[in-house]
Visitor: 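So that we are looking at the same thing, I have put the structure below in structure tokens.
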Amino acid sequence: MIYFDNAATTYPKPESVYEAINFAMKQYSFNAGRGVYQEAKKTFDMIEDTRSKIASLVGVDGNNVIFTSSATESLNNILYGLGLSKNDCVFVSPFEHNAVIRTLHKIGVKVLVMPFNKQTWKIDEDELNDLYVIKKPKATVISHISNVTGYELPYETIFDIAKKYESITVLDCAQSYGIYPVNKKNVDFIIFAGHKSLYAMFGIAGYININNVSLVLYKVGGTGSDSLNPEMPNNMPTRYEAGSLNSVGIYSINRSIEYLKSEDFAGKEAALIEYLLKQLKDISSIKIHLPNGYISKGIVSFNIEGFTSSEVGTLLSEDYGICVRTGYHCAPFIHEFIDSNVYNGTVRVSIGIYNTKAEIDSLINAIKEVIA
């Protein structure tokens with residue numbers, strides 16, 4: 001098997017992560033903070049250490065880290081927690097995931113897609129500034145890196161404008177956190193997902209509440225402290241972490257962060273993406289969904305003239321053992337933006353830290369045989 005679906009979940013994981021999961025099942029499978037015995041205390045200390053490691057990647061305190069089961073749950077917690085009403089407006093980019101769009105749709109707010117140029121993919125700053133003046137959005141939600149195209153959004157520019165108008169800013173780093181640096185300036189919330197760019201296990205994720213924004217509680221229950229009080233505790237992160245934490249998953253992030261610090265994996269991914277793009281550009285029947293000259297971050301989406309995306313994916317899988325993702329990738333707006341609806345979505349190749357140039361060569365050769 002040649003695996004190019006790392007945007008969905010990274011695979012394989014570092015060996016130290018596999019070892020950590022086995023270790024944690026034996027050593028950290030206890031309710032942290034809910035007992036005075038040694039094992040519960042050790043589990044609590046490990047969780048707090050992991051918070052600090054996650055927070056250190058953007059230079060904030062570990063108490064700002066809230067653990068959840070997924071990036072989707074994190075976004076639900078934040079967007080519902082902001083107390084949005086049907087009269088509120090929220091700005092999004094055309095690149096957003098359904099974890100954002102469906103949540104906003106369910107809440108019933110007015111959603112405005114920010115003005116990106118379809119040829120250059122650049123944001124129209126003047127128009128955007130005018131829209132903030134007119135619409136006064138309560139929140140602005142954008143991806144750091146598009147899960148469809150690997151395009152790095154100009155979040156710093158957008159959030160500079162958003163903060164002039166007191167908009168809450170949410171940065172979805174599911175595809176980037178742990179691999180690519182993030183600037184926390186003008187960011188209120190950062191989303192991370194353990195099983196993606198952090199190379200940890202499924203079922204563990206979270207968000208970083210950079211500026212201690214108060215949220216309406218989305219989930220309540222036991223916390224192991226102040227148990228006679230029917231109200232949730234006021235202190236972070238306990239206030240937003242009802243129920244038993246996934247200590248095994250948390251320890252997998254603890255070990256994965258240590259591993260990701262050991263090498264320039266962002267540089268490795270960049271070299272592989274540049275190599276992949278160069279090979280794809282030499283095939284005339286391929287349409288790559290990126291601005292001219294742009295080198296994407298970890299992900300490339302393309303289509304082959306005369307084939308739907310699923311036809312290409314099926315041939316690559318069944319005849320060559322190559323795993324890619326096809327279709328719409330849970331991103332409802334991007335396909336009109338890049339004109340990929342005619343292909344029923346895109347063929348997405350997402351690189352991981354364990355992929356090689358030889359595997360890319362195998363992919364290119366398979367594509368050439370498919371279209372021959």
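Computed from a predicted structure; not experimentally measured.
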Visitor: Does Met236 reach the side chain of Asn64, with side-chain heavy atoms less than 4.5 Å apart?
Guide: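 Sidechains of Asn64 and Met236: in contact.
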Visitor: Tyr251: what forms a ring pair (Phe, Tyr, Trp, His ring centres under 6.0 Å) with it, not counting sequence neighbours?
Guide: Phe23, Tyr28
Visitor: Not counting sequence neighbours, which residues clear salt bridge (charged side-chain N to carboxylate O under 4.0 Å, His left out) with Lys138? List them please.
Guide: none
Visitor: Only counting residues at least two apart or in another chain, list the ones meeting side-chain contact (heavy atoms from CB on, under 4.5 Å) with Glu48.
Guide: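 side-chain contact (heavy atoms from CB on, under 4.5 Å) list for Glu48, sorted by chain: Phe44, Arg51, Asn63.
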Visitor: Could you pull out all residues at least two apart from Ser74 that satisfy side-chain contact (heavy atoms from CB on, under 4.5 Å)?
Guide: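 Counting only residues at least two positions away or on another chain, Ser74 forms a side-chain contact (heavy atoms from CB on, under 4.5 Å) with Thr68, Ile191, Tyr207.
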Visitor: I'd like to check the side-chain contact (heavy atoms from CB on, under 4.5 Å) partners of Pro12; sequence neighbours left out, ordered by chain and number.
Guide: Tyr18, Tyr354
Visitor: Checking Ser143 now: which residues fulfil side-chain contact (heavy atoms from CB on, under 4.5 Å) with it, not counting sequence neighbours?
Guide: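 Partners of Ser143 by the side-chain contact (heavy atoms from CB on, under 4.5 Å) criterion, ordered by chain and then number, come out as Glu96, Asp172.
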Visitor: Going by distance alone, is a donor N or O of one side chain under 3.5 Å from an acceptor N or O of the other, for Ser247 and Thr43?
Guide: no
Visitor: Once ring pair (Phe, Tyr, Trp, His ring centres under 6.0 Å) is applied, do any residues pair with Phe67, and if so which ones, sequence neighbours excluded?
Guide: none
Visitor: Salt bridge (charged side-chain N to carboxylate O under 4.0 Å, His left out) with Asp130: which residues, sequence neighbours excluded?
Guide: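 So Asp130 forms no salt bridge (charged side-chain N to carboxylate O under 4.0 Å, His left out) with any residue.
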Visitor: May I ask whether Phe95 and Leu128 are part of the same hydrophobic cluster, defined by side-chain heavy atoms of I, L, V, M, F, W, Y residues being less than 4.5 angstrom apart, directly or through others?
Guide: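 In one cluster: yes.
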Visitor: For residues 362-372, please give each side-chain donor-acceptor pair under 3.5 Å, one per line with the distance, not counting sequence neighbours.
Guide:
unit_1	atom_1	unit_2	atom_2	d
Ser362	OG	Ala358	O	3.2
Asn365	ND2	Asp361	O	3.2
Glu369	OE1	Tyr320	OH	2.8

Visitor: Which heavy atom in Ala205 sits nearest to a heavy atom in Ala71, and how many Å separate them?
Guide: CB-N, 3.6 Å
Visitor: Enumerate the residue pairs fulfilling side chain to side chain donor-acceptor pair (under 3.5 Å) with a member in residues 191-204, sequence neighbours excluded, ordered by first and then second residue.
Guide: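 Residue pairs with at least one partner in residues 191-204: Thr9-His195.
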Visitor: The criterion is ring pair (Phe, Tyr, Trp, His ring centres under 6.0 Å); which residues satisfy it with His97, sequence neighbours excluded?
Guide: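 So His97 forms no ring pair (Phe, Tyr, Trp, His ring centres under 6.0 Å) with any residue.
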Visitor: According to ring pair (Phe, Tyr, Trp, His ring centres under 6.0 Å), who are the partners of Phe307, at least two apart in sequence or on a separate chain?
Guide: none
